[in-house]
Amino acid sequence: MATPLRLALIQMNIEAGKPEANFAKIEARLEEAAAQSPKPDLIVFPEMWNTGYALPEIHSLADPDGLRTKEVISAFCRKHGIGVLAGSIAQLRGETVTNTVHVFDRDGAEVSEYSKIHLFQLMNEHLHLQAGDRLGSFDLNGIPAAVMICYDIRFPELARKLALDGAKILFVPAEWPHPRLHHWRTLLQARAIENQMFVVSCNTVGDSGGTSFFGHSMVINPWGEVVAEAGEEEAILSAEIDLALVDEVRGRIPVFADRRPTIYE
Ligand SMILES: O=C(O)CCC(=O)C(=O)O
C-alpha cells in the first residue's frame, strides 16, 4: 500500500439494536468516502457499528461468523481498490458473541480478525460478550500495523507488545462516551508518544441508552501531535500520513534501543 497513506475515518451515530439501519448507513458512507478525490487508501469504522450497545439482545442481533460483514465489505474493497478496517462488529460464534474487527486489503482479502481482549465492565460487556485471546497485528499491503478496541487503550503493555512486534500504525475503533474525553485524548497521545507510532482512532457520536458518545476521532503522529481531529457530529475525517516519520522519530529519541527489559519484564 502506498505511503503517504490516505485515511478516511467514518465517525458515525450508531443506532443501537438496528443492524439494518447501520448497514445501510455504512454502505452509503463507504461510497461517499470512495468518491473523495484523491481516493482514500484505507477506510476505518468505529466499534460495534452493526448493533451498538444493545447488549441484552446481542445474541439475536450479532452477525453470525461475521459473514454478512465480510461479504459486504470485501465486495466494496474489490470494487474500489480500497482497504477497510471494518471497525468492530458484534459477531456470533456458536453460543457466544465477540466484539470483532475484520481488516480487508484493497483486493478484498481479509488480512486480520481481532476480538477485543479487555471487556469494559462499566458498560456490562463482560456479562454479554466473550473476550478475545489473540493479538491484533497484521500486514496491510506491506504496512506493519495493529488494532486494539476502545478500552484496550488503557493497557499500555498491549500497545507496547504490538509496537515491539513491528506495528507502525495502531488503529483504535471505539465507542467511547462522555465524560471521559480527557482520558481518550491523553491515552491515545500517550500510546503514540511512548511507542513512537501513528495512532488512528475512530469513535462514535450520538446518544444511546442514556450514554452519549463524543466523537473526536483523531489521527496522531509518532511525535504525539494530533494531525486531524473530528468534532462531535457525524463526519468523514480525512488524513494523509507518511510512515517515514516513524523511523525518523525512533531515530531521534531511541526509546526502543534504550529499553532495559531484563530489569522490568
Ligand atoms: O475506558 C473507557 O473509559 C471507555 C471504554 C469503552 O467505552 C469501551 O471499551 O467500550
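Note: hydrogens, waters and symmetry copies are ignored here, and every other heavy atom, side chains too, is used. Whatever order the structure lists ligands and atoms in, that order sets their numbers, starting from 1.
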*Asks:* Give the intermediate values and the outcome of side chain to side chain contact (heavy atoms under 4.5 Å, CB included) for residues V101 and E113.
*Replies:* CA-CA 6 Å; V101 176; E113 178 173 331; over 6 Å; no
*Asks:* Only distances under 3.5 Å count here; give the side-chain donor-acceptor pairs of residues 218-225 to other protein atoms, sequence neighbours excluded, each with its distance to 0.1 Å.
*Replies:*
from : atom 1 : to   : atom 2 : distance (Å)
N221 : OD1    : W223 : N      : 2.9
N221 : OD1    : G224 : N      : 3.1
N221 : OD1    : E225 : N      : 3.0
N221 : ND2    : E225 : OE1    : 2.8

*Asks:* Does the plane of the ring in W176 sit parallel, tilted or perpendicular to the ring in W184? Use 30° and 60° as the thresholds.
*Replies:* tilted
*Asks:* Quick one: side chains of residues 257-265, donor-acceptor pairs under 3.5 Å with protein atoms, not counting sequence neighbours, listed by atom name and distance.
*Replies:*
from : atom 1 : to   : atom 2 : distance (Å)
R259 : NH2    : E265 : OE2    : 2.5
Y264 : OH     : R260 : N      : 2.8

*Asks:* Run the side chain to side chain donor-acceptor pair (under 3.5 Å) test against R29 and tell me which residues pass, sequence neighbours left out.
*Replies:* E234
*Asks:* Which distance, rounded to the nearest 0.5 Å, do you find between the CG of N22 and the CG of L61?
*Replies:* 10.0 Å
*Asks:* Show me, by chain and number, every protein residue that has a heavy-atom distance under 4.0 Å to ligand 1.
*Replies:* E47, Y53, K116, F120, M123, C150, Y151, R154, E175, W176, P177, R180
